[in-house]
Number of protein chains: 2
Amino acid sequence: MNSSISGPIAHIHLPRSGASAALPVATMADLLQMCGVPFAQQGAAENVQVNLRTLHAGASLVHQGALADALFFVRSGTFKVFRTDEDGYEQVLAFAIRGELLGFDALCMESHPIAILALDESTVFVVPRREIEGLCKTVPPFAFALQQAGSLTLTRSRELVDILAAVASDVRLARFLIQLSKRLADCGQSPLRFHLRMGRREIASLLGVAHETVSRCFGALSAMGLLYVDDREVEILDMGGLKAFSRSTRRPVDDSALLRNRSLIPRRTRGSLRPLAA
Amino acid sequence: MNSSISGPIAHIHLPRSGASAALPVATMADLLQMCGVPFAQQGAAENVQVNLRTLHAGASLVHQGALADALFFVRSGTFKVFRTDEDGYEQVLAFAIRGELLGFDALCMESHPIAILALDESTVFVVPRREIEGLCKTVPPFAFALQQAGSLTLTRSRELVDILAAVASDVRLARFLIQLSKRLADCGQSPLRFHLRMGRREIASLLGVAHETVSRCFGALSAMGLLYVDDREVEILDMGGLKAFSRSTRRPVDDSALLRNRSLIPRRTRGSLRPLAA
DNA sequence: CGGGACGTTGACTCAAATCAATAACCGTGG
DNA sequence: CCACGGTTATTGATTTGAGTCAACGTCCCG
């Protein structure tokens with residue numbers, strides 16, 4: 001939340017709206033490629049420009065309740081999707097990384113039901129809502145990509161329900177980390193070692209637990225030897241074990257090996273933080 | 001899972017694929033009207049046929065892992081969307097009623113990640129996947145309706161996250177009932193009095209609590225005078241109070257009137273079930 | 001009539017929320 | 001430069017909400 005701000009403060013280019021700056025324009029072909037559309041019919045896409053928008057860490061992409069006049073495809077960086085209800089509690093609904101579609105849930109209404117914030121230096125493709133129909137006609141693969149991305153977003157949301165429905169909070173955390181790891185792998189990043197862009201409080205909100213519990217669960221998982229954790233630096237040491245652990249649902253049936261692992265370890269084997277592997 | 005099979009076994013009409021039976025065909029115009037598309041360009045839609053499929057209570061619409069070769073729009077009835085993981089635990093992900101899109105999450109893969117079951121005598125519009133592209137071209141409003149319905153499904157899923165993220169289980173139940181009430185109202189049904197098509201166990205799974213807890217929470221809400229409950233028959237007696245109660249997030253702040261209500265009532269004011277109002 | 005599914009209620013226990021204290025870090029500003 | 005307030009993370013102590021186990025009543029279907 002700092003590094004990009006604490007750097008040299010001089011000459012900010014402020015590439016917000018579609019100025020004809022150097023960076024903030026790309027082609028539809030770039031977008032389609034990111035969405036995994038092969039080379040099919042990208043001929044037309046080469047000639048269609050799509051605006052980009054750059055956001056610094058902490059910048060807001062959409063405010064809750066704002067007019068929904070565009071869709072966004074994340075090109076780089078990390079976003080937090082959340083809702084603040086009237087009593088001020090902030091409910092995180094998703095974290096989005098490269099390839100994900102933002103604002104799709106607002107298509108069926110006029111204004112965004114949620115807020116979106118950059119957690120990182122980030123860029124998004126901007127597709128104005130009024131252009132969607134035309135683009136679907138002139139660049140058919142875009143219609144396909146939109147469907148795919150919408151479908152993927154729904155799938156992600158369903159996965160989150162699976163995460164939240166887990167009873168034990170350490171199982172929730174394990175499932176969250178596995179899901180995150182998979183997504184990072186899809187982006188070509190290391191699935192085993194990564195830097196969390198979000199704070200404990202935000203993870204806690206997503207998982208529906210207290211933030212202290214997130215801390216403790218990180219400790220518990222690393223005590224089991226499944227993880228190495230140092231603040232926001234995470235390394236998965238035993239993906240197999242983590243997955244096995246994450247499968248615990250309600251009342252782990254009986255004295256399966258899994259259950260035994262959970263209860264035999266006396267809540268903290270040795271120092272909860274182990275030195276970084278290798 | 002039985003009634004459609006265990007019924008009279010004689011001359012089953014088997015209205016699965018596009019037979020030319022009396023019931024199982026409708027027009028695209030019917031579908032668009034249900035999705036709230038005005039009369040715009042429905043001229044073309046009138047001439048495009050869409051298959052219907054009828055399901056008895058307990059019948060399966062899609063099996064988990066089945067090939068995803070179609071989308072479904074619920075025309076009538078109720079469906080349960082769920083996932084069974086390898087240890088046999090059944091996680092309910094959504095209940096769907098008229099107007100909702102089923103199978104959208106499978107568009108980005110080959111097979112359905114979830115199972116869908118009719119809880120009721122139900123009918124769905126069937127849109128084969130290979131026809132989607134063509135339909136979007138020949139009947140542009142369909143492309144729009146598909147986007148809208150997909151967006152709506154995502155919104156619903158996000159609302160579910162809000163429900164699940166509530167700390168207290170009685171707050172979860174309250175939020176669930178409010179959401180259900182709204183959806184029923186959208187279908188023209190009474191938002192204040194309705195029959196639950198799903199069992200306690202299924203509600204419990206959706207809410208991520210034990211089924212006994214659902215029972216107790218129904219009791220608690222009716223003890224507060226917010227609800228009348230008799231088995232699956234529900235009447236919301238005080239929608240304002242229910243909404244106020246549902247807003248409790250973590251640690252209900254202080255000794256607000258709401259909180260006092262919760263703790264003052266000695267766990268059961270009078271008989272937890274009150275006679276049906278009026 | 002008996003078995004099975006479903007719903008309710010009670011008793012007990014434990015996991016996690018809450019309250020609280022501490023430490024580390026950061027940017028600000030004296 | 002260092003002191004200061006603010007934010008974040010960790011850890012401990014205490015309490016309580018809800019999961020689990022168990023018993024019971026009802027209804028439906030065979």
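Per chain, numbering begins at 1; letters A, B, ... match sequence-line order.
- Counting to the nearest Å, the C1' atom of dT8(C) and the CG atom of L196(B) are 16 Å from each other.
- Taking atom CD of E233(B) as the reference point, atom P of dC6(C) lies 18 Å away to the nearest angstrom.
- OP1 or OP2 of dA16(C) has at least one side-chain nitrogen or oxygen of S169(A) nearer than 4.0 Å.
- For the helix from dC1(C)-dG30(D) to dC26(C)-dG5(D), the end axes, each set by the C1' atoms of five terminal pairs, are bent relative to each other by 40° (nearest 10°).
- Comparing G199(B) and T213(A), the nucleotide of DNA chain C nearest to each residue sits closer to the 5' end for G199(B).
- For dT10(D), one of the phosphate oxygens OP1 or OP2 lies less than 4.0 angstrom from a side-chain nitrogen or oxygen of R200(A).
- Side-chain to base pairing of E202(B) with dC6(C): no donor and acceptor N or O lie closer than 3.5 Å to each other.
- The interatomic distance linking R232(B) (CZ) with dT26(D) (C1') rounds to 14 Å, in whole Å.
- One can place CZ of R172(B) at 13 Å from C1' of dA17(C), the figure rounded to the nearest angstrom.
- With R232(B) contributing its side chain and H195(B) its backbone, the two residues share no donor-acceptor pair below 3.5 Å.
- When the C1' atom of dT10(D) is taken as reference, atom NE2 of H211(A) falls 9 Å away, rounded to whole Å.
- Rounded to whole angstrom, the span from the CG atom of D230(B) across to the P atom of dC6(C) amounts to 18 Å.
- Side-chain proximity of R201(A) to the nucleotides dT8(D), dA20(C), dT9(C) is greatest for dT8(D).
- A distance-only check finds no donor-acceptor pair linking the side chain of S215(A) to the backbone of T213(A) [under 3.5 Å].
- Of the candidates dA16(C), dC21(D), dG7(C), dA16(C) carries the atom nearest the A168(A) side chain, counting heavy atoms from C-beta on.
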Quick one: do K80(B) and E90(B) satisfy salt bridge (charged side-chain N to carboxylate O under 4.0 Å, His left out)? Show the steps, please.
CA-CA 11 Å; K80(B) 172 174 77 163; E90(B) 178 180 303; 2.7 Å; yes

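- At distances below 3.5 Å, at least one donor-acceptor pair connects side-chain atoms of S181(A) with backbone N or O atoms of P191(A).
- Side chains of R75(A) and V124(A) form no contact here, defined as non-hydrogen atoms less than 4.5 Å apart.
- In this structure, the CD atom of E212(A) is 15 Å from the P atom of dA13(D), given to the nearest Å.
- I203(A) places its CD1 atom 9 Å from the P atom of dT10(D), with the value rounded to the nearest Å.
- No more than 12 heavy atoms of other residues, nucleotides or ligands lie within 6.0 Å of CZ in R201(A), so this atom counts as exposed by the packing criterion.
- Evaluation of atom-type donor-acceptor distances gives a pair under 3.5 Å for the side chain of R216(A) against the base of dG12(D).
- What you find for E202(B) and V92(B) is that their closest heavy atoms are O-CG2, 3.7 Å.
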